[in-house]
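Just below is one structure, and these are the notes that go with it.
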Number of protein chains: 2
Amino acid sequence: MSELNSSVALLIQSASLWSQLIKRADSQLSVHGISFTEFSILHCLAQAPLQQLSRIELANTVGLSASGVTRLLLPLEKIHLVEKAQIARDARVSLVKLTSTGMQIYQDALPTLSYCAEQFTSPLTSRQQEQLSDLLGRLS
Amino acid sequence: MSELNSSVALLIQSASLWSQLIKRADSQLSVHGISFTEFSILHCLAQAPLQQLSRIELANTVGLSASGVTRLLLPLEKIHLVEKAQIARDARVSLVKLTSTGMQIYQDALPTLSYCAEQFTSPLTSRQQEQLSDLLGRLS
DNA sequence: GATAAATGGTTGCGTAGTCAAGTATATTGC
DNA sequence: GCAATATACTTGACTACGCAACCATTTATC
């Protein structure tokens, strides 16, 4: 049973850690008027070629359901951080494109979140941070 | 900017990873009639001395807000997995105590979640899993 | 020992997100 | 070329939270 316990204990500890991290990130990002999840979306779009992705691609990248993406994009469209685009090949897909305003907000918010991430990983040496990054990268 | 990017990219990748993990855990735990968060609560209580904790301690341990704990406990009380208890010293605190039914459900669910955790960490060698556990343990 | 401040907890209200079902378009099998 | 199936969403209804405001009790201050 203590075999079972150690992996499960790690999981539960991670849950607590993660929820605290997200709360802090949300709180710090609120200066820019966006949440962590919204930032994630801006980030994925900013990295994408032409700064655009389909909603399904976006959902897979940020780990949300399709409907979650639909709902999250509504306010972002309303304040013109992203806009819809079509693709001729397939009338089903509705592309999401980062606007220049959206890119601006993203770039403003990037150092804020980066600082937050550093605060969080500061108990680790930079060597350990690399290790952690590497290990997490191997998980799926 | 690519300096900023690497830490932030890791964070966003972790978010996606985490949400997928929780979805899988919830889905597998549904056999036992509980969610991952509910399991977390049972787990914390099972580890605690006398299998009881105050609501605030519980909130801190699982990373929820106080109100989150209040609401989560309601259904658990209703199906008698946990019960309320008083402490004479302080009439404000309301202890939460794991019932024997609750302990049973916890022990039934433990291997399920453990299997889920193993599935998740299976891309890593056991040496790497230890490293990961160690690194995460150092974060707060 | 009365008043102020802190702590433990609950409730109202709002937001984020899920799943199941529906719609529109594309693709496949015959 | 047309039915069947799959894909890309959207919507309705619901759950899971968080925050702010609120009691109740305890502790500190004077």
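Nothing here was measured: the structure is a model prediction, and the numbers come from that model.
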Starting at atom CD1 of Ile87(A), determine the distance to atom P of dT7(D), rounded to an integer number of angstrom. 17 Å
The residue, Gly63(A) or Arg89(A), whose nearest nucleotide of DNA chain C is more 5′ is Gly63(A)
To the nearest Å, how far apart are Lys23(A) NZ and dA20(D) P? 13 Å
Distance-only, no hydrogens or angles: does the Ser16(B) side chain make a donor-acceptor pair with backbone N or O of Ile12(B) under 3.5 Å? no
Among dT18(C), dT7(C), dG18(D), which nucleotide has an atom closest to any side-chain atom of Ser65(B)? dG18(D)
Would you mind classifying the nucleic acid contact of Gly68(B) as base, sugar-phosphate or nothing, using non-hydrogen atoms under 4.0 angstrom? sugar-phosphate
Within this structure, what is the CG-to-P distance between Asp90(B) and dA6(C), rounded to whole angstrom? 17 Å
Considering only heavy atoms, which members of residues 48-58 of chain B lie under 4.0 Å from some atom of DNA chain C? Ser54(B), Arg55(B), Ile56(B)
Any Ser67(B) side-chain nitrogen or oxygen under 4.0 Å from OP1 or OP2 of dT10(C): no
Between Gln129(A) (side chain) and Thr121(A) (backbone), is there a donor-acceptor pair under 3.5 Å? yes
Atom pair distance, as rounded to whole Å: CD in Glu38(B) and P in dT15(D): 12 Å
Hey, any chance Ile56(B) and Leu72(B) share a hydrophobic cluster, counting ILVMFWY side chains that come within less than 4.5 Å of each other, even indirectly? no
Taking only side-chain N and O atoms of Thr37(B), does any of them lie within less than 4.0 angstrom of OP1 or OP2 on dA16(D)? no
Phosphate oxygens OP1/OP2 of dA8(D): is one of them under 4.0 Å from a side-chain N or O of Ser94(A)? no
Does dC9(D) have OP1 or OP2 under 4.0 Å away from a side-chain N or O of Thr70(A)? no
Can you tell me how far P of dA16(C) sits from CZ of Arg71(A), to the nearest Å? 11 Å
When rounded to whole Å, the CG to P distance for the pair Asn60(A) and dT7(D) reads 12 Å
Can you tell me the distance, in whole Å, between the CD1 atom of Ile22(B) and the C1' atom of dA16(C)? 16 Å
Any donor-acceptor N/O pair, Gln52(B) side chain to Ala85(B) backbone, under 3.5 Å: no
May I ask you to decide if the ring planes of Trp18(A) and Trp18(B) are parallel, tilted or perpendicular, using 30° and 60° as cut-offs? tilted
Between Ser67(A) and Ser65(A), do the side chains contain an N or O donor and an N or O acceptor separated by less than 3.5 Å? yes
To the nearest Å, how far apart are Leu64(A) CG and dC19(C) C1'? 14 Å
If you look at every strand shown and take non-hydrogen atoms under 4.0 Å, does Ala66(B) touch a base, only sugar-phosphate, or nothing? base
Quick one: do the Ser94(B) and Arg55(B) side chains pair a donor with an acceptor below 3.5 Å? yes
